[in-house]
Amino acid sequence: EGKPTGIGVNNTDCDGKVARETCTAACAVGYEGTSKKVVCGIDGVLTGMAPTCTIKRCDIPDDLNNDSVVHTCLLDDGDAVAYGQGCSACCALGYTGDLEDLVCEAPMLLGNAPACIANKCTRNFPMGYGLDSADCLGRRTGEDCFLSCQRGFEPVLPGTAPGSSECLPDGSFSDHNLSCVPTACGELSAVGGFQSPSIDASLCSGLVFRQSCSVMCAFGYDPVGPVAQPLSCDAAADTMSSGGFIDQDGNLALSPIACTARTCTINLPSRRGIGHTCAGKQTGETCTVHSVPGFEYVHGASKESWTCGPDGALIGKIPTIAAAICPPPLLSEGVVHTCIGKEFGTTCWTYCQMGYQGSPAQYECGIRDDLHENPDHPMIIEEEEGSPGNSTDISDDGAGIDGDDVVDGADMENVTDESEAAPTSTTTIFPYSWWSTASVRLKPLGAQTVCSPIAGFAGTPSSATEANARRLTAGTCDDSEASAGLTETGLSHDCLGKAVDETCLVSCADGYAIVGDAQTYACSAGGSFFGPGIPTCTPNSCTTGAPDGVGVTHDCSGTTTGGTCTASCGTGYTGTETEFTCLATGELTGTNPTCSPAECEALSLSQAYRTTSCEGKTTGQECIVDCADGWSLDGSASL
């Protein structure tokens, strides 16, 4: 008797002990503590202390300590379950798996952790214009996915790092703050051959991904081959070597169309006593105008440099020399000329101004037929009163034309003199001077120019005087934008703000294709834009984004920019129709209808055919029709 006892004490070692024998009192299985020695006295009583035993607690295995599992193996006080106690483990929110029961065999926790499979996220999928969220497909609870901008798009805020989204336990993706916009193409005019002054790439400026444009020859240059080069802004990393532009075949736009400079044929220096190197000069080239032997520079003049302008006219200043100049010719209504500042022995032309038609005529500046020499005066002329002598009104400049000033051909052609009166004979003496209008006169070398108004001309034909006034007054033509047809749908132009005689280009807006060429217009002195006719702009057909899906049919083929079309369920399908819109980018936008297939009726063919594989088929499914037993196949089976 007298065995030590207590919670968790194992005293079985003391059973059967006799006087003077010892035994050990230890902690039972599931308990821990220091064993104690016990002695059996001569009186047959065991003496000794019982050990202090505390129950053992189980270690929580690592496979229970993760985000995919929740369990009851930790008590409210934070201690783990103790020996002999049970607990359970199941899958956390966002994971799928079976419930598992466990028992504490301290320190081991017996049982299996549940096999938890993360659920796929199906809600709040990251979406946005230009957003690439393909990495998020199939993502499961706790996984992150990478978000970036699609090819041709970039973050709204430059330098923004790529985004991410997490698949949350509730089956949804976390919100993100990455927003994308189409990437802007570079300036095509800074790319390779497009830097040439012969190329006009202005229509390709400021474009973004999927926008299109055309490159053409600059003013003063003519195409050698195609008149325009259609390009698209691709604006992706692999195309930015060309500023982001590609051609219709998807190739990098590294070379422009071929353009050749126009040879200047207008305003060639051909004054008596003047030589030049301007023959054959082309747009942008310069040449030298100089005096020839027998003529001397006056008033400190010297040789001058001229430039071939884009309008085909040479521009520059004539050196001042001692030579006679013819006054402008007297012309009929509608006729203009290149005859201002023509010197003795040179020729000029008359031709028909805008709104008139007729053949050009050539004039020569020569000595007046009635001129004779006088020993007292250098030149004496039998002058008709009212005829143009030194008193001729040169209407293009109230102060008279300074002999060393030359304007380009576009200005010269509008200068005229309309003064003419009934002649009465008188004699006027003119001392020789540089402005020797009394000594020379322009003479036609053949038939004179006769101009008649062009039938159906859209503008208002103006007189030569009005043409002259138009040149001197730079007005605006903006108010004529609508009347010139420049506000029609599909047109794009840069005509607003142009001054008189300035040109502009009329082409087609994004989403429209030009039929023929872009047209050059000009601002007339009457305040109206004019040109050969506005180009025909046809809206492009949308070629991407067409409605698609099982059973979906549509009338979107041929739908053009700004137009709408209907997507519906075709024969054999049922569903609600939806509307699509054709964008200027060439893409149709809308929501596909959901179409359910119908079961096909049984085929009704002759007994020669076997149709069993077609039974129960629904719209869109395939089956084979071949020959029934007893019949031979001629050809092949039908699908």
Between Glu285 and Thr307, is there a side-chain donor-acceptor contact under 3.5 Å, judged purely by atom types and distance?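 No, no side-chain donor-acceptor contact under 3.5 Å.
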So, do [X] and [Y] sit near enough that their side-chain heavy atoms are less than 4.5 Å apart?
X	Y	answer
Cys233	Phe245	yes
Cys217	Asp200	no
Pro547	Cys556	yes
Leu588	Leu583	no
Val289	Pro319	yes
Val515	Thr538	yes
Ile199	Val215	yes
Glu481	Leu496	yes

Checklist entry - Under 4.0 Å between a Lys/Arg side-chain N and an Asp/Glu carboxylate O for Asp238 and Arg151? => result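 Yes, Asp238 and Arg151 are salt-bridged.
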Q: State plainly whether the residues Asp234 and Arg210 are in salt-bridge range, i.e. N to O under 4.0 Å.
A: no
Which atom pair, heavy atoms only, marks the closest approach of [X] to [Y]?
X	Y	answer
Leu188	Ala201	CD2-CB, 4.0 Å
Cys582	Thr561	SG-N, 3.5 Å
Ala261	Gln282	O-NE2, 3.3 Å
Val191	Gly243	CG2-N, 3.8 Å
Tyr221	Pro197	CE1-O, 3.5 Å
Ser214	Pro230	OG-CA, 4.1 Å

[X] [atom1] to [Y] [atom2] distance, which is reported to the nearest 0.5 Å:
X	Y	atom1	atom2	result
Leu131	Gln150	CG	CD	7.0 Å
Thr559	Asn540	OG1	CG	13.0 Å
His276	His290	NE2	NE2	8.0 Å
Thr489	Tyr512	OG1	OH	5.5 Å
Glu587	Cys542	CD	SG	8.0 Å
Asp247	Leu252	CG	CG	8.5 Å

In short, ring pair (Phe, Tyr, Trp, His ring centres under 6.0 Å) pairs touching residues 180-217 with sequence neighbours left out are Phe153-Phe209
Any sub-3.5 Å donor-acceptor pair from [X]'s side-chain atoms to [Y]'s backbone N or O?
X	Y	value
Ser212	Ser232	no
Gln229	Ser255	yes
Trp306	Thr286	no

Kindly indicate, with the supporting measurements, whether the criterion side-chain contact (heavy atoms from CB on, under 4.5 Å) is fulfilled by Thr566 and Glu579.
CA-CA 5 Å; Thr566 300; Glu579 183 178 83; 5.5 Å; no
- Item | Stepwise side-chain contact (heavy atoms from CB on, under 4.5 Å) test for Val298 and Ile321 | CA-CA 5 Å; Val298 296; Ile321 59 172; 5.5 Å; no
Could you walk me through whether Cys287 and Lys281 satisfy the side-chain contact (heavy atoms from CB on, under 4.5 Å) test, starting with their C-alpha distance in whole Å, then the side-chain angles of each, then the deciding distance to 0.1 Å, before giving a yes or no?
CA-CA 7 Å; Cys287 56; Lys281 293 297 181 182; 3.9 Å; yes
Discussion item. Side chain to side chain donor-acceptor pair (under 3.5 Å) for Ser205 and Glu187? Distances and angles first, verdict last.
Written reply: CA-CA 6 Å; Ser205 178; Glu187 286 299 323; 3.1 Å; yes
Does the pair [X]/[Y] show an SG-SG distance of less than 2.5 angstrom?
X	Y	result
Cys477	Cys523	yes
Cys308	Cys278	no
Cys149	Cys180	yes

- prompt: Under the side-chain contact (heavy atoms from CB on, under 4.5 Å) criterion, do Cys259 and Asp222 qualify, and how do the steps go?
  reply: CA-CA 5 Å; Cys259 300; Asp222 295 314; over 6 Å; no
Residues at least two apart in sequence or cross-chain that pass side chain to side chain contact (heavy atoms under 4.5 Å, CB included) with Ser541, listed by chain then number, are Thr560
